[in-house]
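Notes follow the structure.
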Amino acid sequence: MVEWTDFERSTIESIFAKMDYEDVGPAALSRCLVVYPWTQRYFGNFGNLYNAAAIMSNKMVAQHGITVLHGMDRAVKNMDNIKATYAELSVLHSEKLHVDPDNFKLLGDCLTIVIAARMGTAFTAEVQAAFQKFLAIVISSLGRQYH
Amino acid sequence: MSLSAKDKAAVKGFLAKMKSRSDEIGTESLSRMLVVYPQTKSYFAHWKDLSPGSAPVRKHGITIMNGIYEAAEKIDELPGGLLTLSELHAFMLRIDPVNFKIFTHCMLVVLCMFFPEDFTPSIHRAIDKFLAQVALALAEKYR
C-alpha cells in the first residue's frame, strides 16, 4: 500500500490540473523519441520519424502523447490503488504492445523534464520528488502483469 | 553510443551558454539530487550541512561543473583525458556508477528549467550522450 503525504497528494493533483495536455503530451513523447531513438521501434506505423524535426511535427506522435497523458489521469484519480487501476493497461502493454518496461522510465524522465521546463522555479526539489514517486508507482504498476 | 561531430559541436555550444549560470546549475543539480534521491546522501556523511544550497553543497556543485568543462575540453579523448578523475573515483571515492545517472538526470532537469528554449530535444540528446560518456570515463578504472 503506497503512503501519500498531503503535500504529495496535492502536488500531483495540482500538476495535472494545471497541465496543458495538448502541449505537454506531444512534447514529452517526441522528446523521448529524439533523445532515446530506440524507442521508435514501437511506432513503426507512425510515418516519418526520420529526424528530430520530423518527429516534433508528426501528428500521430502528438496525438499519442496526449493519449498517454490522459492514461495517467486514471492514476491521479485513484492514487490509493494505482496497481489495480492499471492491471488491464499492464496486460495491454505486455501482451499486445510488447513494450519493454524499461522504456516506461525513459518516457517518465522526459515527462519530468518537460514539466520542469513548463513550471520553472515552481518545480522545486520537493515537487520533483513527489512527481517522481508518482511516476515510479505508475511505471511499476504498468510492468506488474508482465510474465 | 559514441559522440558524433555534430554531438560534440552541440555540447560545446550549449556548455558555453551554461557558463553564465554555471555555479547555480551545479548547486541546484546537487541540491536537488540529495532531496529527490536521499540515498545519495550516504556519500556525504562527512558534511555538516546537506541542505539545499548550503556551503558544502555549493562548493561541491561548482567542483563537479568544473569537471564537466574539463571533460568537454578533452571530448575527443575521453576516457584517457580524464585519467586523474577516473583514478580518484575508482580508488578513493568509489561512488557506485548508478549514481552518475542519477546526478545526470537532476542536471538535465535543471538545464531544462534554466534554458527552456535552448534545451531542445536534440541538445538534450547530445548532452545526455556526453554525460553518459563522462560517466563511463569516470568508472573506467573501477575494475
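Since we're looking at a predicted model, the values are computed, not measured. Letters A, B, ... mirror the listed sequences (proteins, then strands); counts begin at 1. Side chains included, hydrogens not; waters and symmetry mates left out as well; all remaining heavy atoms used.
Note on B/Val35: it does not cluster hydrophobically with A/Ile15, by side-chain heavy-atom contacts below 4.5 Å among ILVMFWY residues. No continuous path of hydrophobic side-chain contacts links A/Trp38 to A/Val61 [ILVMFWY only; heavy atoms under 4.5 Å].
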>> Run A/Val34 and B/His124 through side chain to side chain contact (heavy atoms under 4.5 Å, CB included) and show every step you take.
In response: CA-CA 9 Å; A/Val34 170; B/His124 175 165; over 6 Å; no

> Step by step, would you call A/Met56 with B/Thr120 a side chain to side chain contact (heavy atoms under 4.5 Å, CB included)?
Replying inline: CA-CA 10 Å; A/Met56 316 271 292; B/Thr120 63; over 6 Å; no

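Counted within 6.0 Å of CZ on A/Arg118, heavy atoms from surrounding residues, nucleotides or ligands total more than 12; the atom is thus considered enclosed. Few gaps surround NZ on B/Lys12; more than 12 heavy atoms of other groups in view lie less than 6.0 Å from it. B/Lys129 NZ: more than 12 foreign heavy atoms inside a 6.0 Å radius. Annotation for A/Asp6: atom CG does not count as buried by contact number, only 12 or fewer foreign heavy atoms lying within 6.0 Å. Within a 6.0 Å sphere centred on CZ of B/Phe91, other residues, nucleotides and ligands contribute more than 12 heavy atoms.
Interface remark: B/Met1 contributes side-chain atoms only to the contact with chain A (heavy atom separation under 4.5 Å). With a threshold of 4.5 angstrom between heavy atoms, B/Phe114 does not approach chain A through any atom at all. Contact of A/Met119 with chain B is not made at all, since no heavy-atom distance falls under 4.5 Å.
For the residue pair A/Ala116 and B/Val109, the shortest heavy atom distance occurs at CB-CG1, 3.7 Å. Residues B/Tyr37 and A/Gln132 share a closest heavy-atom pair of OH-NE2, 2.6 Å.
Between atom CD1 of residue A/Ile113 and atom CG of residue B/Asp128 there is a gap of 7.5 Å, rounded to the nearest 0.5 Å. Remark: B/Arg32 CZ to A/Gln128 CD distance equals 5.0 Å, nearest 0.5 Å.
Ranked by non-hydrogen atom pairs under 4.5 Å with chain A, the options B/Cys106, B/Pro116, B/Ala126, B/Cys112 are led by B/Cys112.
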